[in-house]
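As the structure is a prediction and not an experimental result, all values here were calculated from the model. Below, chains carry the letters A, B, ... as their sequence lines are ordered, and counting in each starts from 1.
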Protein chains: 2
Amino acid sequence: MPDIQESVCAVIHKDIVDEVKESIPREDETSRLASFFKVFGDETRLKILWAIDRHEMCVCDLAALLGMTKSAVSHQLRLLREENLVRTRRDGKVIFYQLSDSHVTQVFEKSVEHIEEK
Amino acid sequence: MPDIQESVCAVIHKDIVDEVKESIPREDETSRLASFFKVFGDETRLKILWAIDRHEMCVCDLAALLGMTKSAVSHQLRLLREENLVRTRRDGKVIFYQLSDSHVTQVFEKSVEHIEEK
DNA sequence: CTTTCGGTTGAACGGTTGTTCAAATGATAT
DNA sequence: ATATCATTTGAACAACCGTTCAACCGAAAG
């Protein structure tokens with residue numbers, strides 16, 4: 001008989017699965033949460049967030065700080081904007097970026113704690 | 001004259017760049033932080049973490065819960081293991097997965113706060 | 001109005017990532 | 001010892017991601 005690998009597999013502990021299924025968040029909530037974290041999962045964006053947490057900065061200065069092109073920085077800033085993590089302020093020709101709220105810093109702190117602990 | 005786009009661009013506010021450059025974390029720290037967040041930036045892994053936060057679970061049950069193959073789940077669990085987010089316990093033939101510490105939950109909470117606030 | 005220039009955008013490219021499929025482990029139960 | 005079966009693994013493939021390049025946009029300065 002051929003060894004058929006079932007695609008969804010047999011449940012071993014039905015009681016546990018049922019119990020957990022009750023409390024799992026709705027699809028759109030896990031989806032939004034995943035997009036939120038996805039933004040942090042890149043070194044460039046992490047550095048940008050860290051930098052503008054210290055001081056509001058423009059694209060040119062961020063590019064100089066990180067040793068990247070303005071274009072690359074701008075592409076990343078767009079993602080941060082879409083995720084509502086940053087807000088902007090114009091002064092003459094220059095646009096300054098800053099964090100939109102303090103949750104970002106708090107999420108950072110908890111994560112650093114976890115990593116330090118190892 | 002041809003319009004040459006310089007690759008690193010002119011600094012506009014040298015004082016700010018220098019100040020921020022002082023406090024930016026070391027390369028390896030941002031790197032570890034990014035890998036940590038990268039793990040959360042996927043809906044499947046997020047659901048797995050959420051599930052085993054409620055109750056320790058085996059691969060088969062997780063696969064059934066999420067409607068995925070055991071293989072797919074196992075691949076993701078490997079990433080969670082590498083990031084020290086989960087630990088295992090064997091009972092007979094079955095291996096139960098559970099969260100390795102409570103920081104994970106705390107990071108979740110802060111993020112949900114940010115998202116709810118919108 | 002025209003020029004300047006910081007910032008944005010879109011296409012294109014390598015590289016990475018998540019899932020599937022098939023095969024292999026390896027601890028347990030017989 | 002052998003068979004069973006939960007779990008792991010590796011290769012392959014499509015989808016996605018980050019950077020570069022070139023062109024464009026638009027507010028402000030002249």
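Put simply, NE2 on A:His13 is 15 Å from P on D:dC5, counting in whole angstrom units. Summarising the geometry, the separation between CD on A:Glu43 and P on C:dT16 is reported as 14 Å, rounded to the nearest angstrom. Atom CG in B:Asp91 sits about 12 Å away from atom C1' in D:dA6, given to the nearest Å. Spacing between atom CG of A:Leu79 and atom P of C:dT9 amounts to 11 Å, rounded to whole angstrom units. When rounded to the nearest whole Å, the span between CG of A:Leu66 and C1' of D:dT19 equals 13 Å. Atom CE in B:Met68 sits about 18 Å away from atom P in D:dA6, given to the nearest Å. Atom CG in A:Leu77 sits roughly 9 Å away from atom P in C:dG7 (whole-Å rounding). Protein atom CG of B:Leu80 is 11 Å distant from nucleotide atom P of D:dT8, rounded to whole Å.
For A:Lys70 against C:dT8, no side-chain N or O and base N or O form a donor-acceptor pair under 3.5 Å.
Within the structure, every side-chain polar atom (N or O) of B:Ser71 is placed at least 4.0 Å from both OP1 and OP2 of C:dT20. Applying the 4.0 Å criterion to OP1 and OP2 of C:dT8, one finds that A:Arg81 has a side-chain N or O inside that range. Between A:Gln76 and the phosphate of D:dT19, there is a side-chain N or O to OP1/OP2 separation shorter than 4.0 Å. OP1 and OP2 of D:dA6 both lie 4.0 Å or more from every side-chain N or O belonging to B:Tyr97. An OP1 or OP2 oxygen of D:dC21 is reached within less than 4.0 angstrom by no side-chain nitrogen or oxygen of A:Thr69. Phosphate contact (OP1/OP2 of C:dG18, side-chain N/O of B:Arg45, threshold under 4.0 Å): present.
Comparing A:His75 and B:Ile95 against DNA chain D, the residue whose closest nucleotide sits nearer the 5' end is B:Ile95. Where A:Lys38 and B:Val94 meet DNA chain D, the nucleotide closest to each residue was compared, and B:Val94 sits on the side nearer the 5' end. Of the two residues near DNA chain C, B:Gly41 and A:Arg78, the one whose nearest nucleotide lies more 5' is A:Arg78.
Checked against a 6.0 Å centroid threshold, the rings of B:Phe96 and A:His13 count as neighbours.
Relative ring orientation between B:Phe37 and A:Phe37 is described as parallel, the plane-to-plane angle staying below 30° on a 0-90° scale split at 30° and 60°.
Listed candidates were D:dT7, C:dG7, D:dT4. Nearest to the side chain of B:Ser74 is D:dT7. Here the nucleotide nearest the side chain of A:Asp42, chosen from C:dT19, C:dT8, D:dG18, is D:dG18.
Using a 4.0 Å heavy-atom distance criterion, A:Ile12 is classed as a sugar-phosphate-only contact.
Taken together through direct or relayed side-chain contacts under 4.5 Å among Ile, Leu, Val, Met, Phe, Trp and Tyr, A:Leu99 and B:Val20 form part of one hydrophobic cluster. Hydrophobic clustering places A:Val73 together with B:Ile24 (ILVMFWY residues linked when any side-chain heavy atoms are closer than 4.5 Å, directly or through intermediates).
Rounded to the nearest 0.5 angstrom, B:Leu80 CG and B:Thr88 OG1 are separated by 12.0 Å.
A heavy-atom distance below 4.5 Å is found between the side chains of A:Tyr97 and A:Val59.
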